[in-house]
Amino acid sequence: MSTNTEEFKDGLAGVPAAKSQVSYVNGVEGVLEYRGIRIEELAEKSSFIETAYLLIWGKLPTPEELEEFETEIRYHRRIKFHIRDMMKCFPETGHPMDALQTSAAALGLFYSRRALDNPDYIRAAVVRLLAKIPTMVAAFHLIRKGNDPIQPNDELDYAANFLYMLTERKPTPLAAKIFDICLTLHAEHTMNASTFSARVTASTLTDPYAVVASAVGTLAGPLHGGANEEVLEMLESIGTVAQVRPYVDECIANKQKIMGFGHRVYRVKDPRAVILQNLAERLFETMGQDEYYAVAVELEKVVEERLGASKGIYANVDFYSGLLYRKLGIPRDLFTPIFAIARAAGWLAHWKEQLTVNKIYRPTQIYVGEHNLAYLPMEERAVARERPPSFSL
Ligand code: COA
């Protein structure tokens with residue numbers, strides 16, 4: 001076992017953790033491909049469900065395959081009343097990501113035969129998870145507002161049905177199409193933290209519901225999902241176009257990160273941000289301008305001037321998505337669950353790929369603790385610190 005400390009990289013930065021055919025990023029040229037197809041092309045020509053098929057089965061479906069996949073997903077959108085009733089016991093102040101993680105794991109109680117060598121089991125798990133995650137996100141949202149969840153509408157496609165279940169109104173075709181493209185853009189992004197979690201969990205040959213639940217838990221952290229919520233708060237706090245330059249100056253002087261900018265991989269504008277900005281503009285043209293869009297455009301311009309060429313800091317995927325989701329009537333704390341709805345496709349693709357090449361993940365560590373310490377009898381140990389009077393956090 002190697003203990004060479006020079007091999008150690010904090011956060012495994014840049015260390016390959018899998019060989020994968022699912023997606024590819026070139027951060028210098030701003031390229032993102034799913035199964036070899038550029039994201040721009042998929043955003044323009046595909047749908048989220050077709051893209052999910054592509055990611056998971058590694059090829060574009062024929063018309064019959066796509067129709068069958070869409071029909072199966074439509075058929076499995078409903079959730080068992082046990083799951084719905086379980087959600088009614090969740091605290092309404094709980095975060096929707098925690099609700100989603102719990103409900104995704106709970107699916108495993110109902111469907112966990114773990115027949116991982118049976119293609120029908122794999123297919124059923126993929127269909128159930130893709131079909132039910134949006135229903136569970138929308139159901140928790142209505143339950144926490146004191147309403148009964150509404151049933152999926154079989155006439156609506158995947159994206160339109162989710163917006164309908166969430167807002168209790170049928171979206172316009174444009175709103176549904178734009179939301180569908182947002183899902184496509186977030187469906188996969190190589191070896192990020194939640195995908196790594198999914199692969200590690202998959203490598204133990206546990207059930208796919210546990211794989212998705214562990215990935216949801218990882219995505220929930222503020223360093224992964226959630227920057228788009230902070231972008232909105234930042235734009236609101238900047239307030240006006242005139243305040244943009246002083247804000248950027250202050251951030252640079254205080255070495256403070258500007259939300260929605262910078263990326264571990266991209267050294268140019270994130271290709272997804274380019275598409276999202278166009279979509280936001282299309283949406284604002286028909287649904288009305290967003291009062292902070294001008295602030296956002298100015299901020300992007302100033303950050304590019306100040307940090308673009310010098311540090312390779314440009315707008316990332318989170319910069320325009322929050323403005324767009326807000327216009328679609330989506331509450332802020334559902335932005336990360338929506339990320340999870342989309343990314344489930346990528347997690348499932350990696351789950352399936354992991355099963356074909358599986359070796360359980362078992363990295364090593366560099367022990368930096370002590371050795372050969374004596375076991376001190378209780379009476380010789382220092383007095384324990386005083387306990388706080390109660391657990392208020
Ligand atoms: N605003 C201002 N400066 C930034 C910046 C930002 N958003 N992101 C990075 N930088 C600067 C850092 O201050 C650092 O400067 P230094 O070399 O003078 O110390 C340099 O760029 C490298 O930053 P670092 O944090 O090491 O880059 P990273 O690749 O580890 O971080 C992110 C990538 C995404 C974590 C980081 O850019 C960030 O926190 N962005 C804001 C949050 C966000 O939008 N997250 C969503 C990501 S999709």
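Quick note: numbers below take in every heavy atom, side chains included, and nothing from hydrogens, waters or symmetry partners. As the structure is a computational prediction, the values presented were derived from the model and not from experiment. Numbering of ligands and ligand atoms starts at 1, following listing order.
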Distance dump, ligand 1 polar atoms to protein, N/O, under 3.5 Å:
residue	atom	partner	partner atom	Å
ligand 1	1 (N)	Ile258	N	2.8
ligand 1	7 (N)	Ile258	N	3.3
ligand 1	7 (N)	Ile258	O	2.7
ligand 1	7 (N)	Phe261	O	2.8
ligand 1	15 (O)	Lys311	NZ	3.2
ligand 1	18 (O)	Lys255	NZ	3.2
ligand 1	18 (O)	Lys311	NZ	2.6
ligand 1	25 (O)	Lys257	NZ	2.8
ligand 1	29 (O)	Arg264	NE	3.3
ligand 1	30 (O)	Arg264	NE	3.2
ligand 1	30 (O)	Arg264	NH2	3.0
ligand 1	37 (O)	Phe261	O	3.4
ligand 1	40 (N)	Phe261	O	2.9
ligand 1	44 (O)	Gly260	N	2.8
ligand 1	44 (O)	Asn316	ND2	2.9

Ion pair check, Arg144 and Asp333, cut-off under 4.0 Å: yes
Relative to each other, are the rings of Tyr53 and Phe69 parallel, tilted or perpendicular (30° and 60° limits)? perpendicular
Can we call the ring centroids of Tyr266 and His189 under 6.0 Å apart? yes
Does the pair Phe196 and Tyr361 meet the rule for a ring-ring contact (aromatic ring centres under 6.0 Å, His included), with working shown? CA-CA 10 Å; Phe196 184 45; Tyr361 276 93; 5.7 Å; yes
State yes or no: are the ring centers of Phe110 and His82 separated by less than 6.0 Å? yes
For this output row, return yes or no: ring centroids of Phe261 and Phe319 closer than 6.0 angstrom. yes
